[in-house]
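Below is one structure, written out as structure tokens; comments come after it.
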Amino acid sequence: MSTTVSRSAIITGGAQGMGEAIALRLAQEGVNIVVFDIKGKETQLEGVIKQVEAKGSKGFFFVGDVTIEKDIQDVIAKTVEKFGSLDIMVANAGILAMKPITECTPEDFNRVFGINTLGVMLCYKHAALQMIKQGRGGRLIGASSIGGKQGMAEASLYCSSKFAIRGITQAAALELKAHNITVNAYAPGVIQTPMIAHPDDAKNGGLGSTVLANPNLRQGTTSASPSVVGELVAYLCKPEAFFVNGQTITIDGGTYFD
Ligand SMILES: NC(=O)c1ccc[n+]([C@@H]2O[C@H](COP(=O)([O-])OP(=O)(O)OC[C@H]3O[C@@H](n4cnc5c(N)ncnc54)[C@H](O)[C@@H]3O)[C@@H](O)[C@H]2O)c1
């Protein structure tokens with residue numbers, strides 16, 4: 001990847017939290033930004049694009065759902081139509097789900113895996129197809145979690161959906177390295193975003209989010225602002241990060257060690 005050509009990024013779940021921070025950090029690098037999020041987040045999405053433009057980058061928002069394959073195809077097609085290429089896909093959208101294993105239903109499983117895992121797979125798949133067509137490499141980046149490295153009580157669905165991101169990321173990295181496309185994921189600890197501050201199902205697309213009430217998650221855990229993840233993603237998108245591939249990078253203030 002060259003820094004002299006203009007590059008474009010799609011960030012799913014880009015209306016708030018980590019997605020917003022990643023969008024703004026990549027805008028700072030001069031990357032064209034497309035923020036993708038669900039219906040109802042239009043005002044927040046508009047606000048992100050205003051901040052992107054204030055940084056001198058171009059951008060637009062797209063309303064869609066990461067579980068719908070056509071929405072992913074459409075946002076990629078629109079990105080390429082507007083900016084000429086897709087170079088970075090950040091499959092960031094996700095929901096938190098806190099429920100004891102004894103209460104989990106197939107509906108819960110399908111919803112959590114639909115957004116957290118299928119959503120990432122669809123983003124990787126269609127972004128890779130576009131990047132292969134372009135022939136100039138690219139960056140695929142997914143959202144895992146420290147819950148994707150080690151199980152947490154009352155989070156079997158969330159943790160398993162985030163463990164799966166590591167598998168998809170490793171397999172895709174092996175398949176795509178011949179095309180100079182790297183595939184990595186971030187595995188944050190507690191990051192101060194609406195997911196944690198306002199675990200509100202209706203607002204954030206989640207179900208049964210009760211992090212603040214769960215002492216197992218709070219104890220001994222430090223937290224950080226979403227900009228720390230924005231910095232990591234910005235690094236992964238640099239040409240010199242070509243040698244980092246297939247990794248799920250823990251970023252949690254030293255809580256969990258691989
Ligand atoms: N905040 C944390 O402490 C933390 C820790 C580890 C991992 N993560 C992961 O990082 C990612 C970002 O988390 P966050 O804290 O910024 O969360 P957040 O809830 O603040 O933002 C997530 C965004 O994803 C969007 N979204 C939900 N379902 C969607 C769908 N079907 N299609 C498109 N967009 C959808 C939401 O509308 C929301 O804007 C998530 O994958 C999350 O699981 C978060």
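Indexing begins at 1, ligand by ligand and atom by atom, following the structure's order.
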Discussion item. Under 3.5 Å, is there a donor on one side chain and an acceptor on the other for Asn184 and Thr169?
Written reply: no
Item to complete: Assess the side chains of Arg136 and Ser85: does a donor N or O sit below 3.5 Å from an acceptor N or O?
Response: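 Yes, side-chain donor-acceptor contact under 3.5 Å.
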For ligand 1, which part of [X] has a heavy atom less than 4.0 Å away: the side chain, the backbone, both, or neither?
| X | answer |
| --- | --- |
| Lys41 | side chain |
| Val66 | both |
| Ala93 | both |

Touching ligand 1 at all, [X]? Heavy atoms, strictly under 4.0 Å?
| X | answer |
| --- | --- |
| Ser144 | yes |
| Thr12 | no |
| Gly189 | yes |
| Lys162 | yes |

Backbone or side chain, does any N or O of [X] fall under 3.5 Å from an N or O of ligand 1?
| X | answer |
| --- | --- |
| Ile146 | no |
| Ala15 | no |
| Ser145 | no |
| Asp37 | yes |

Looking at [X], which atoms of ligand 1 are within less than 4.0 Å of one of its heavy atoms?
| X | result |
| --- | --- |
| Gln16 | 18 (P), 19 (O), 20 (O), 21 (O), 38 (C), 39 (O) |
| Gly94 | 22 (C), 24 (O), 40 (C), 41 (O) |
| Gly17 | 16 (O) |

Practice prompt. Report the C-alpha distance between Tyr124 and Ile141 in whole Å, list the side-chain angles of each, state the deciding distance to 0.1 Å, and finish with yes or no for side-chain contact (heavy atoms from CB on, under 4.5 Å).
Written response: CA-CA 8 Å; Tyr124 281 5; Ile141 299 168; 5.9 Å; no
Practice prompt. Could you tell me the separation between the CD1 atom of Ile22 and the OG1 atom of Thr12, rounded to the nearest 0.5 Å?
Written response: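 Taking CD1 in Ile22 and OG1 in Thr12, the distance rounds to 9.0 Å.
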Item to complete: Check each of Asp71, Leu129, Val34, Ile10 against Ile76 using the side chain to side chain contact (heavy atoms under 4.5 Å, CB included) test, and report the only one that passes.
Response: Ile10
Discussion item. Please confirm whether the ring centroid of Phe163 lies under 6.0 Å from the ring centroid of Tyr158.
Written reply: no
Item to complete: Specify the closest pair of heavy atoms between Ile33 and Phe83, including all atoms of both residues, with the distance to one decimal.
Response: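 Closest pair (atom of Ile33, atom of Phe83, distance): O-CE1, 4.4 Å.
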Worksheet entry | Lys78 to Phe60, cation-pi by 6.0 Å centre distance and 45° axis angle |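 The answer is yes, since Lys78 meets both limits relative to Phe60.
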